[in-house]
Amino acid sequence: MAVNNKNSAVQDQVLAALTQQMEDVRLQAMNSALNDQDKALALALEQIEAVKEELKDPTNFLGRMDTKHGEVAEKIEIAIRNAREALNQDVTSATDFSATFDGVGRTAPEDYLIDGIEVQSKFINGINNNLKHVLDHMEKYDQFGRDGSYYHIPKDTHEQIQKIIDGESVEGIKSSTIEAVKEKVRQIEELSGKPFTDVVQAGESTYDEVQLYKADGTLDEHSEELKSDNQDKLEDIKADDSYKASLEEAGKAALAGAAVGAGISFVSCVYQKHKNGKNLFKGEFTKSDWKELGIDTGKAALIGGVSGGVLYGLTNYAGMAAPFAGAVVTAAKSMASLSLQYKEGKLTLDEFIDLSFVSCGESATVGLASMIGQTLIPIPIVGSLIGSMTGKFCIDLLKSSDKKVLDAFNKRINEFTDNLNAQEKKMLHEIETRYIHLANITTAAFNFENNETLLNLSVQLAREHNVPEELIIKSTSELDDFMMM
């Protein structure tokens, strides 16, 4: 008695393809995100490299050799800010950067714009001198520092001033200098009508870092920092749960399984009745035919939903190729049916073994093909390899069978290798050893804990489709009974 497994195999392979498509979409999305992040790094590094190129010729900067650091500080400030903006993917084009020299004259009150706000850079040696230059500028331009515009000073200088404002001790600074700093801070706040930290802010660099002799090294350090930060971002993308298998997506796989199962069952029933002389499109279906079609389709939708969920788990959590996952599910359902027929005496042991090899042969072949790839296997070994792996596939799905059945399968497996010479047997053994983990994967495929949640999803799905409660599979024992039907 042969088992009609054609529809089941088609359904499971379609489901496997759908599951693979889900995985491909996720991988494509992750690869796209990784690619975008690498592009962001490239744009960031371009900002740093542009300043490094300018540094090769000091005449590109205004002032004497001992004062050129002022414009160097401005260039580095803009480059670093824009590089970070690029790395964070806040912008994708250099024309969109928030920090710019565009529209600013070299002798204008401001040195650059940040978010459209005017900023004047004051990188002067000495805390007291730096604040004096800020005050001089404020007195010359009576709106600067009052209308939202502000100043940048070296970040180490700003840190020292903040400590003085907070009453902390600052090593290496005389008490007279401290008092002078306090007075200038007071004057800046009085002129601006704003807190000191609103008017005078820390730049990206220290005074020492922007000097001509050190600026190139400063930019190199920032480049390495950007690369390190980018690597962290790449790792975060790879760890992002949205690019991993999820229960939500498993639900989609179960839904697809139900749709495929119902569709295949519907077409099969209609075709069978058409062969029996009843044409759906001529109105020849009776009420009994429609009832039968509905029940069959409902059952197929249920088992399709469970299969879809199992396939998703196999492909995404067990690391199996989708075609092999589909083959596992197909073979398992075939073996369950054959086992029942054998136990009921409808099949002899030889018939049971023959039909088992037929049912699992495709599964073992697909499994080996998906995992071996283009490995060259000598022709004399191919048949024996497929036969051997098919037998082991069957045994793995029949672990609970009695010793008589298992011995019969092992005997059949040995027959496949009897005609091989010593060298061919050695090669066959090496291949089997290499891919013996196929059997262990099939165990994981139907682990109760792994698939309990997926079974629950299929129950919810059945209820959404208004399937009668008495027809819904709610437990693994009911699922086993259904597969034996």
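Numbers here simply count residues along the sequence, with the first being 1. A quick note: this is a predicted structure, and the numbers were derived from the prediction, not measured.
Taken from CD1 in I76 to NE2 in H222, the straight-line distance is 7.0 Å, to the nearest 0.5 Å. Here CG of N125 is found 10.5 Å from NE2 of H133. Values are rounded to the nearest 0.5 Å. One distance of note links CD1 of I173 with CD1 of I127; it measures 3.5 Å at 0.5 Å rounding. In this structure, CG in N129 is found 9.5 Å from OG1 in T177, a value given to the nearest 0.5 Å. How far OG1 of T157 is from CZ of F123: 8.0 Å, rounded to the nearest 0.5 Å.
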* Asked: For L131 and F196, what are the C-alpha separation, side-chain angles and deciding distance, and is it a side-chain contact (heavy atoms from CB on, under 4.5 Å)?
  -> CA-CA 11 Å; L131 292 179; F196 173 79; 3.8 Å; yes
* From CA spacing to verdict: side-chain contact (heavy atoms from CB on, under 4.5 Å), S192, M138 -> CA-CA 9 Å; S192 65; M138 291 182 71; 4.0 Å; yes
* To do: Kindly indicate, with the supporting measurements, whether the criterion side-chain contact (heavy atoms from CB on, under 4.5 Å) is fulfilled by L212 and L55.
  => CA-CA 8 Å; L212 277 176; L55 284 171; 4.1 Å; yes
* To do: Kindly indicate, with the supporting measurements, whether the criterion side-chain hydrogen bond (donor to acceptor under 3.5 Å, both in side chains) is fulfilled by D208 and T206.
  => CA-CA 5 Å; D208 187 51; T206 67; 5.5 Å; no
* To do: Could you give me the CA-CA distance, side-chain angles and deciding distance for R186 and E183, then say whether salt bridge (charged side-chain N to carboxylate O under 4.0 Å, His left out) is met?
  => CA-CA 5 Å; R186 185 194 65 78; E183 175 57 23; 2.5 Å; yes
* **Test side-chain hydrogen bond (donor to acceptor under 3.5 Å, both in side chains) applied to D166 and Q162, step by step** => CA-CA 6 Å; D166 295 338; Q162 190 60 55; 3.2 Å; yes
* Candidate pair Q89 and D36, rule side-chain hydrogen bond (donor to acceptor under 3.5 Å, both in side chains), full reasoning -> CA-CA 8 Å; Q89 296 191 47; D36 287 344; 6.0 Å; no
* Could you go through the side-chain contact (heavy atoms from CB on, under 4.5 Å) check for H152 and Y112 one step at a time? => CA-CA 10 Å; H152 270 155; Y112 40 81; 2.7 Å; yes
* **Verdict with reasoning, K140 to D136, per salt bridge (charged side-chain N to carboxylate O under 4.0 Å, His left out)** => CA-CA 6 Å; K140 181 177 181 180; D136 290 343; over 6 Å; no
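For the pair V51/L219, a side-chain contact is recorded, criterion being any heavy-atom separation below 4.5 Å from C-beta on. Two residues are said to be in side-chain contact when any heavy atoms from C-beta on lie closer than 4.5 Å; M30 and D240 fail this criterion. At least one side-chain heavy atom of L191 sits under 4.5 Å from a side-chain heavy atom of R146. Residues N230 and D38 form a side-chain contact, since some pair of their non-hydrogen atoms from C-beta on lies under 4.5 Å apart. Residues I80 and S205 meet the side-chain proximity criterion, which asks for heavy atoms closer than 4.5 Å. Contact of the S149 side chain with the V119 side chain is not registered, since no non-hydrogen atoms from C-beta on lie closer than 4.5 Å. By the 4.5 Å heavy-atom criterion applied to side chains, I78 and T100 are not counted as neighbours. Between S98 and R81, the closest side-chain pair of non-hydrogen atoms is not below 4.5 Å.
Heavy-atom neighbours of K194 NZ from other residues, nucleotides or ligands within 6.0 Å: above the threshold of 12.
The closest donor-acceptor contact from the side chain of H158 to the backbone of V200 lies under 3.5 Å. Judged purely by atom type and a 3.5 angstrom limit, E110 has no side-chain atom pairing as donor or acceptor with the backbone of Q120. Remark: side-chain polar atoms of T218 are paired, donor with acceptor, to backbone N or O of K214 under 3.5 angstrom. In this structure, S32 contributes its side chain and Q28 its backbone to no donor-acceptor pair below 3.5 Å. Using modelled atom types, one side-chain atom of Q211 and one backbone atom of Y207 make a donor-acceptor pair closer than 3.5 Å. Side chain of R84 to main chain of A44: no donor-acceptor pair is present (N/O by atom type, distance under 3.5 Å, no hydrogens or angles). A side-chain donor-acceptor contact under 3.5 Å links Q47 to the backbone of L43.
Residues V170 and I164 approach most closely at CG2-CG1, 3.7 Å, considering heavy atoms. Heavy atoms only, all atoms of each residue included: V199 and G145 are closest at CG2-O, 3.8 Å. Shown here for N82 and A99, the closest heavy-atom pair between the two residues is ND2-O, 2.9 Å. Q201 and T197 get closest at one heavy-atom pair: CG-O, 3.3 Å.
In this structure, E49 does not pair ionically with K52, as no charged nitrogen and carboxylate oxygen lie closer than 4.0 Å.
The aromatic rings of H137 and Y141 lie tilted to each other, with the angle between the two planes from 30° to 60°.
Counted by atom type alone, S121 and E77 present zero donor-acceptor pairs between their side chains at under 3.5 Å.
A cation-pi arrangement is present between K75 and F101, with the terminal nitrogen or guanidinium carbon under 6.0 Å from the aromatic centre and inside a 45° cone about the axis.
Taking the six-membered ring wherever Trp is involved, the centroid distance between the rings of Y151 and F144 falls below 6.0 Å.
With D229 as the fixed residue, the side chain to side chain contact (heavy atoms under 4.5 Å, CB included) test singles out one of L87, L41, N88: L87.
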